[in-house]
Amino acid sequence: MTPLAWIVVMSFAGGLLSVLVAAALSWAARPTWVPTLISYAIGALLGAAFLEVLPHAIEAAESPERAAMNILAGILIFFVLEKLVLWRHCHDEGCHGHGHDHHGHAVTEAHDHGRSGLLILVGDTFHNFVDGVLIAAAFVESTPLGIVTALAIIAHEIPQEAGDFLILLHSGYSRTKALAFNLLSSLATLVGGILAYFALSHMQSLVPVFLALAAASMIYVAVADLIPGLHKRTELRATAQQVLLIAAGIASIVLAHPLAERALG
């Protein structure tokens with residue numbers, strides 16, 4: 001397949017798969033599954049960032065120093081973006097006295113007439129669009145890298161979408177509406193991927209920048225958003241389970257690249 005075909009397939013299928021799996025988990029009302037998915041997602045994200053995306057970002061950049069600067073800038077950008085989302089939520093709802101979900105989003109004690117759900121949908125749509133851009137940048141560099149990047153993004157989207165789905169239900173949306181809105185939001189991945197492909201085809205100099213942003217996004221989500229939630233469970237058995245699942249996520253990335261090359265070769 002051509003890079004554009006891969007981008008369309010992985011962006012559409014990945015967005016659809018993550019939403020449907022997350023909805024199924026939320027529908028089954030088994031919240032104990034979510035921490036397991038989060039631990040695996042952390043490993044997949046860190047494995048993809050450090051073993052796949054970072055080496056390509058450094059190789060494609062003018063110098064290792066430039067690649068490092070792009071990654072640092074990306075981490076700062078994602079920090080500011082998350083602060084803006086949290087500020088908007090706290091400004092509209094107030095953060096004091098509210099609980100928080102495993103992403104740090106404030107959760108009210110009663111239905112809020114859809115306000116927090118709407119904020120989640122807007123933020124998730126933008127996030128999905130950026131994911132599409134990152135997938136496109138990876139496929140423009142190489143098909144195996146694109147596949148690994150897409151799989152890592154799907155892995156971290158499942159627990160995130162599960163959390164967002166629960167917030168929508170808490171905000172007063174029916175299960176059917178929550179699923180429908182999440183599916184519509186997932187289409188932003190496809191839009192971002194297609195637009196980025198045509199933009200990057202004419203601006204190859206941006207490929208190293210987007211690869212660095214992809215690595216920064218994976219590292220930031222894993223370290224800033226997902227890992228802190230694991231520290232709430234300090235018992236030895238839970239810690240051992242988390243370590244094993246993180247290792248499984250890393251191992252899946254290690255195995256994914258040669259399997260992708262073999263399938264394409």
The side-chain contact (heavy atoms from CB on, under 4.5 Å) partner of Gln241 among Val243, Leu245, Leu244 is Leu245
Does a side-chain heavy-atom distance below 4.5 Å link Val223 with Ile75?
no
Do Val191 and Trp6 belong together in a cluster built from hydrophobic side chains that touch within less than 4.5 Å?
yes
Are Met69 and Met218 in one and the same hydrophobic cluster, where Ile, Leu, Val, Met, Phe, Trp and Tyr link if side-chain heavy atoms are under 4.5 Å apart?
no
Leu183 side chain reached by Leu179 side chain, heavy atoms, under 4.5 Å | yes
So side chain to side chain donor-acceptor pair (under 3.5 Å) across residues 208-224, not counting sequence neighbours, yields Glu82-Tyr220
Hits for ring pair (Phe, Tyr, Trp, His ring centres under 6.0 Å) against Phe78, two or more places apart or cross-chain, chain-then-number order -> none
Exercise. Going by atom types alone, do Asn128 and Ser185 pair a side-chain donor with an acceptor below 3.5 Å?
Worked result: yes
Is it possible for you to say whether Leu200 and Tyr197 belong to one hydrophobic cluster, with membership spreading through side-chain heavy-atom contacts below 4.5 Å? yes
What side-chain donor-acceptor pairs closer than 3.5 Å can you find for residues 12-19, not counting sequence neighbours?
| residue | atom | partner | partner atom | Å |
| --- | --- | --- | --- | --- |
| Ser18 | OG | Gly14 | O | 3.1 |
| Ser18 | OG | Gly15 | O | 3.0 |

Which of Ile250, Val221, Ile246 passes side-chain contact (heavy atoms from CB on, under 4.5 Å) with Leu45? It is Val221
Practice problem: Determine, stepwise, if the pair Phe198 / Leu4 fulfils side-chain contact (heavy atoms from CB on, under 4.5 Å). | Solution: CA-CA 9 Å; Phe198 288 107; Leu4 178 58; 4.0 Å; yes
Minimal heavy-atom distance between Leu134 and Thr149, with the atoms involved, is O-CG2, 4.3 Å
The single option from Val130, Asp131, Thr189 that satisfies side-chain contact (heavy atoms from CB on, under 4.5 Å) with Ile153 is Asp131
Thr239 and Arg233 have their tightest heavy-atom pair at OG1-O, 4.0 Å
When every non-hydrogen atom of Ala44 is compared with those of Ile253, the smallest separation belongs to O-CG1, 3.4 Å
### Message
Would a single hydrophobic cluster contain both Phe129 and Leu184, if residues Ile, Leu, Val, Met, Phe, Trp and Tyr are joined by side-chain heavy-atom contacts under 4.5 Å?
### Response
yes
Smallest heavy-atom separation, Ala212 atom then Ala67 atom, equals CB-O, 4.3 Å
Heavy-atom closest pair (Phe50 atom, Leu54 atom, distance to 0.1 Å) is CD2-CD1, 3.5 Å
Heavy-atom closest pair (Ala216 atom, Ile71 atom, distance to 0.1 Å) is CB-O, 3.5 Å
- Going through the distances and angles, do Leu230 and Ile42 end up as a side-chain contact (heavy atoms from CB on, under 4.5 Å)? CA-CA 10 Å; Leu230 300 187; Ile42 290 170; 3.4 Å; yes
CZ (Phe210) and CG (Asn70) are apart, to the nearest 0.5 Å, by 11.0 Å
For this session: Treating Ile, Leu, Val, Met, Phe, Trp and Tyr as nodes and any side-chain heavy-atom pair under 4.5 angstrom as an edge, say whether Leu145 and Val254 lie in one connected cluster.
Result: yes
